[in-house]
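The shown structure was predicted, so the numbers you read here are calculated from the model rather than taken from an experiment. So that the names make sense, note that chain A is the first sequence line, chain B the second, and so on, each numbered from 1.
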Amino acid sequence: MAQKSYRQAINEALHAEMARDPNVILMGEDLTGGAGGSGVQDAWGGPFGVTRGLLGAYGPERVRDTPISEAAFIGAAAGAALTGLRPVAEIMFIDFLGVCFDQIMNQAAKFRYMFGGRARTPLVIRATYGAGTRAGSQHTQALHPILTHIPGLKVVMPSTPYDAKGLLIQAIRDDDPVMFLEHKMLYDMVGEVPDRSYTIPFAEARVVRDGKDVLLIGLGRMAHIAEAAAEELARNGISACVIDPRTTSPLDVETLVEFAEKIGRVVIVDEANPRCSVAADISAILCEQCFDALKGPIRMVTAPHTPVPYAPNLEDAYIPSAARVVEAAQSLLRTR
Amino acid sequence: MAQKSYRQAINEALHAEMARDPNVILMGEDLTGGAGGSGVQDAWGGPFGVTRGLLGAYGPERVRDTPISEAAFIGAAAGAALTGLRPVAEIMFIDFLGVCFDQIMNQAAKFRYMFGGRARTPLVIRATYGAGTRAGSQHTQALHPILTHIPGLKVVMPSTPYDAKGLLIQAIRDDDPVMFLEHKMLYDMVGEVPDRSYTIPFAEARVVRDGKDVLLIGLGRMAHIAEAAAEELARNGISACVIDPRTTSPLDVETLVEFAEKIGRVVIVDEANPRCSVAADISAILCEQCFDALKGPIRMVTAPHTPVPYAPNLEDAYIPSAARVVEAAQSLLRTR
Amino acid sequence: MSALQFPRERIIGIYRSMRLIRRFEERLMEEMSTGDIPGNTHLYAGQEASAVGVCLALREDDYISSTHRGHGHSIAKGCEIDAMMAELFGRATGTCAGKGGSQHIADLRKGMLGANGIVAGGAPITCGAALSAKLRGTEQVAVAFAGDGAMNEGVMAESFNLAKIWMLPIIFVIENNGYGEATANAHVSAGSFTRRAEGYDIPTDEVDGTDVFAVYEATRVAVERARTGGGPTLLHIHVPRYFGHYSGDPDTYRSADEKGEMRKNRDCLRLFRSRVEGAALLEGADLDQVEAEVEDQINQAVAAARAAPRPDAAALHTDVYVKYM
Amino acid sequence: MSALQFPRERIIGIYRSMRLIRRFEERLMEEMSTGDIPGNTHLYAGQEASAVGVCLALREDDYISSTHRGHGHSIAKGCEIDAMMAELFGRATGTCAGKGGSQHIADLRKGMLGANGIVAGGAPITCGAALSAKLRGTEQVAVAFAGDGAMNEGVMAESFNLAKIWMLPIIFVIENNGYGEATANAHVSAGSFTRRAEGYDIPTDEVDGTDVFAVYEATRVAVERARTGGGPTLLHIHVPRYFGHYSGDPDTYRSADEKGEMRKNRDCLRLFRSRVEGAALLEGADLDQVEAEVEDQINQAVAAARAAPRPDAAALHTDVYVKYM
Ligand SMILES: Cc1ncc(C[n+]2csc(CCOP(=O)(O)OP(=O)(O)O)c2C)c(N)n1
Ligand SMILES: Cc1ncc(C[n+]2csc(CCOP(=O)(O)OP(=O)(O)O)c2C)c(N)n1
Ligand SMILES: [Mg+2]
Ligand SMILES: [Mg+2]
């Protein structure tokens, strides 16, 4: 199978769905990069080069570079979704949620319920998230807990190129509003990605590796941290199972419960701040649903309750590390 | 001691602090209600009658009726706090967070950290929250989990008139941004409130009633639901302890852990939607910190993962009820 | 005024719509006191000529979005009275199956994209509907209603810009009733609404919202512009608000004089009657008959709503998603 | 031009500030390639006359707020070069103790309320500082810098309205460099920025941002207005942007012609030199000396930043709150 980057996988998904369905349109800031300029058009192919080539293939009516007006264009995407299109809108950094939150939380997410089930809102909002880029407190957040909290939204966090393509195609074909969160530190990650179109259903966790002593649950980029921790644990004779939930809403509770019951020791790794996080959420669900099978507390490894700092040594300490996951797993095994 | 309503308690706190410190100012929509009209001034005394009389006492420079521009006036309150004032701004319904979230999450909450500890932002944002008013999906939410998630904010949810006054005075004297959440269904609740000024420290949970069989943790209005459940349980010979954390950030983890360890059975009641809720958050903290003392799963009683419906029978079913809390407590006692 | 050349039936229809809105709202105000209608509601009484005049210039498949004060827009766009009344009573037969309530009435089949509990929340959504029409090539037009208070929400300005640069077939209808809740517009709004829109090169018009024909005519011009690729228009329509901000508002911040003057001189129904009777287009008896028919319709809607079932308990959990997995 | 009557020392100071900004930015661009400066940064080169001209008209205790492209504003308002450079290197001696970085440089003692990573995020905060000044009766003035792209964020419009109805002592300085990131302003902005502000009855001025004296003069008028209770002003300042949007931007969306023309004809430093030398206010040697001094200053700042300690590990957890309990 072909080796492709996470970036390219997403690009392919967009290409495939735009070719397949004329109602799929894109909008966002600098989606092409160069609109109206005196030089090269599609110069950036998006702020992270993800949308390159789509302008050439589908033209400026369907690939729309917007003003810096997130509330207006996210709202417009919601309205277009309500009236027959399938827009894929981009929020450059999820941190900018703050300026368009109403259109997501109170409008798009609630249309169907408020209108008594008589609306469909096939809207995808792509956004980058995550720390590691030395970009300071307002460009590095991981706000998936806030989005997961909101009824009416679906939240997708692919951790591999393969998942990114399959989950994005699924998201575009989905009839509900989907938040599709892309980790900036994964864009260059390479993996096997088929050329053909394929979908990955939501609420199907991926068992990254099986194991019997401890269950490590990791989301998005944290799936890789969990995997690295599992390798380190293996070197110490501990067999760790790693699961990537892939979507936080809907969440594959069934698989998580099944493995938690089987293994009995759980560590959850989440890049978000700790309070009301997805780590806490999964912990609470597992505590409620498989308490009797637990051999010890559910441990959470998350970012601290602080904004993301700029200085590299601090930012590195901010992000959950494999070492911290190993240490949490080991502490669980000590107290058996 | 004098019997006063929750509304009046809040009004007294504002009066007291405005009299005490000329830097305390108020801003919000219809804070007086009647500004610029041809009839009575201060006609509403605020959308819920909470700010009545302050205009007369402190004048329009310090009691400012704003345009419907939440992002601008919340941001202005943050900027005023950064430069010497102690503003108390009002978001009429916490649901409107969506239009001013950036100024709270990315600006006010992060100033101090981003600026390397060289800023103080003594800002209070008052907002009403909660279901029960038959006002539909966009005027009834309880968004404290989203706020609790954000480092840099403090989140206060008084459940009684006494607490409302003491916590608000504390909030106004606090040097950090504080979200002060008032439950609309509690405004008419009456209780003992001293005439004098007093403060209630943050992160000091209130033990509403002691008990030994099961611990019920209830926030804001849910403290009363927990209490009603405790009374019902008492009639069935079960002794329930009820604790109201009063502030979710900072959270009085110490007291919660102490009682959870002592009692071993925990039910958490939260009016918010379940995913990444404060119920999940407290459950995860307790599961991690006092696992060995737990005699059964931590049960959560929350709203469902749906927007708030309009029809009264549905809205009533949406809000966590004492019956559901009783049933959760009983299920814990059955599986001992 | 070209609208005066309408056929007789159409003129009767205009009066019927306006009267229906007026009586719908007055009846709601009465019914509120019975306790059978949950919560509170924002009444459109006084502003009827605006909704009706605007919608008169629209095709059935055109879009509108509305505000918290949305009953008039819904009725003018063709939503069913029975379903609306049932919605307000919180019944399963309501426009939104009882789950939305007054601030969320929507009927996509009628191009009514929803009332909105968030001030100015509908403006960008309507831009999206206009974009959708444009890309699908349907020549539909979209109208975003908003109040004077809404003009100070930033998303209005963003929507103006987006509508203009994308040349969207949209009309922003600003219904200025002088107040946002209890606050007088002049106290909180700087400059002029039309000049604000002109800052984005959007053509504008100031319209007397007590004159349904004037509203129609201004809208017709804007619709023509939108349908032929000329982009957005802003109409600033001046209207009186008959009741308080919401049904429970004692409305003491407006003087008795102000309220009296408004009802005496700015009643769009009375002005309409004298206009069409004066022009001998209709006789008083024709209009009286409309009034009687409207009365029946409202009575029936209320009776039907009262008799309708409440939503099934299971409805709490449905309709959050099309499919959740 | 009144500024030309400045004393000699002041004119030298103007050049020093502009030159300091230019060399600070050029040096950053060079240093980026060493890998010692984390992340990316937005350079202010080309726009110097705007920041310097505006701040020249301010008192030391006046406020400014800045944008993601904030180094120039910070330097012009008097922030220390050493501390800024250390901040960019992520060191404990930085303006923000290394925790903020380029987009969050702030120095409240200098009235610099912060760069901002959120486009237009500073506008309402600055309204608050202006309100604070007004209520405390200090006669301070506040300046909110923003880009052309920022003009399309709704909160700008909200801030205009708030500033006008409250008659705040504020100046909105819109630095139009023709682009928001890679997108040309004309592609995404309808109408005219000054007319947008005039829609709120805010006085405006169009200013050539390559002429520091013109910027000063326009600002002086606005400051005078603000300090004497006359309320807000919007200055639309036209500037060239020398580098790409951020330090890593290949900047291919602008033609070689466009970039060449800009550097050739719109260099505020060169224009300044020929202006003051032409008027015989200074000699070339004076300015050469300033340049040499600036060079030293920058060299020292870079050396000091490199040598400075990284933040202590414990700093990750401090400064979230004044007190958390
Ligand atoms: C974002 C937001 N802020 C505040 C409110 C509360 N609110 C509801 S209606 C209203 C006044 C709206 O005024 P206007 O736009 O003039 O409409 P009118 O009520 O006069 O029809 C306000 C402030 C809201 N619903 N949404
Ligand atoms: C709310 C928000 N949206 C988008 C961005 C990403 N972004 C950073 S700078 C920028 C362009 C700003 O353009 P302009 O205001 O003209 O300032 P300039 O960069 O030209 O100085 C954008 C879109 C952001 N930081 N914040
Ligand atoms: Mg109004
Ligand atoms: Mg620019």
Side-chain angles (χ1 to χ4, degrees), chain B residues 28-47 49 60 64-73 75 92-93 95-100 102 132-141 273 303-319, chain C residues 37-40 68 87 89-92 94 96-104 116-121 147 149-155 178-190 245 249-259 310-313 315-320 324:
Chain B
E29 293 157 15
D30 302 283
L31 212 55
T32 69
S38 54
V40 179
Q41 299 296 298
D42 200 20
W44 279 9
R64 309 182 76 89
D65 283 32
T66 66
I68 312 176
S69 311
E70 287 83 359
F73 76 76
M92 199 181 292
F93 292 80
D95 310 67
F96 308 158
L97 184 65
V99 298
C100 56
D102 180 66
T133 50
R134 285 62 171 115
S137 303
Q138 293 172 338
H139 282 73
T140 44
Q141 295 169 83
N273 295 118
H305 185 65
T306 75
V308 183
Y310 168 68
N313 63 321
L314 298 183
E315 190 180 26
D316 290 344
Y318 174 93
I319 302 168
Chain C
I37 296 186
N40 264 302
H68 57 286
E87 187 61 32
F89 275 82
R91 304 304 165 121
C96 307
K99 291 161 89 160
S102 167
Q103 294 196 82
H104 306 297
N116 211 310
I118 303 299
V119 166
M151 279 296 293
N152 297 325
E153 283 286 2
V155 76
Y179 288 82
E181 299 208 332
T183 302
N185 179 46
H187 189 78
V188 286
S189 296
H245 170 63
D249 177 5
D251 197 1
T252 56
Y253 47 85
R254 298 195 292 182
S255 66
D257 274 4
E258 180 180 350
K259 288 186 276 191
R310 293 177 201 287
D312 198 86
L316 172 59
H317 298 277
T318 59
D319 301 329
V320 183
Y324 195 48

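Every residue meeting the salt bridge (charged side-chain N to carboxylate O under 4.0 Å, His left out) condition with Asp319(C), not counting sequence neighbours, appears here in chain and number order: Lys99(C). With sequence neighbours excluded, the residues satisfying salt bridge (charged side-chain N to carboxylate O under 4.0 Å, His left out) with Glu315(B) are Arg134(B).
Options Gly154(C), Cys96(C), Ala184(C) differ in how many heavy-atom pairs under 4.5 Å they form with chain B, and the most are formed by Ala184(C). Taking Asp249(C), Asp251(C), Asp312(C) one by one and counting their heavy-atom pairs under 4.5 Å with chain B, the maximum is reached by Asp249(C). Per-residue counts of heavy-atom pairs under 4.5 Å with chain B were compared for Gly117(C), Ala150(C), Gly149(C), Pro38(C); the largest is that of Pro38(C). Residue with the most contacts toward chain B among Ala92(C), Gly100(C), Gly180(C), Ala97(C): Gly100(C) (heavy-atom pairs, distance under 4.5 Å). By number of non-hydrogen pairs under 4.5 angstrom with chain B, the leading residue of His104(C), Met151(C), Glu258(C), Arg310(C) is His104(C). Contacts with chain C were tallied for Gly39(B), Pro309(B), Ala135(B); Gly39(B) has the most, counting heavy-atom pairs under 4.5 Å. Ranked by heavy-atom pairs shorter than 4.5 Å toward chain C, the options Ser38(B), Ala71(B), Gly36(B), Gly34(B) are led by Ser38(B). Of all the listed residues (Pro47(B), Pro67(B), Ala43(B)), the one sharing the greatest number of non-hydrogen pairs under 4.5 Å with chain C is Pro67(B).
Phe93(B) and His139(B) have perpendicular rings, their planes meeting at more than 60° on a 0 to 90° scale where under 30° would count as parallel.
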Show your working on side-chain contact (heavy atoms from CB on, under 4.5 Å) between Thr306(B) and Leu316(C) and close with a plain yes or no.
CA-CA 7 Å; Thr306(B) 75; Leu316(C) 172 59; 4.0 Å; yes
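Only the backbone of Thr66(B) comes within contact range of chain C, with heavy atoms under 4.5 Å apart. Both the backbone and the side chain of Ala317(B) come within contact range of chain C, each with at least one heavy atom under 4.5 Å from a heavy atom of that chain. Proximity to chain C is limited to the side chain of Asn313(B), based on heavy atoms less than 4.5 angstrom apart. Heavy atoms of Asn116(C) lying under 4.5 Å from chain B belong to its backbone as well as its side chain. For chain B, the nearby parts of His317(C) are the backbone and the side chain; heavy atoms of each come within less than 4.5 Å. Looking at Ala186(C), neither its backbone nor its side chain comes within 4.5 Å of chain B, counting heavy atoms on both sides.
One finds the CG atom of Asp65(B) at 10.5 Å from the CD atom of Glu181(C) (value rounded to the nearest 0.5 Å). With rounding to the nearest 0.5 angstrom, the OH atom of Tyr318(B) is 13.0 Å from the CG atom of Asp316(B).
Side-chain atoms of Asn152(C) and Ser69(B) form no donor-acceptor pair, as typed in the model, at a separation below 3.5 Å. A donor-acceptor contact closer than 3.5 angstrom is absent between the side chains of Asp95(B) and Gln138(B).
Under the 3.5 Å distance criterion, the side-chain polar atoms of Asp42(B) are left unmatched by any main-chain donor or acceptor of Gly33(B).
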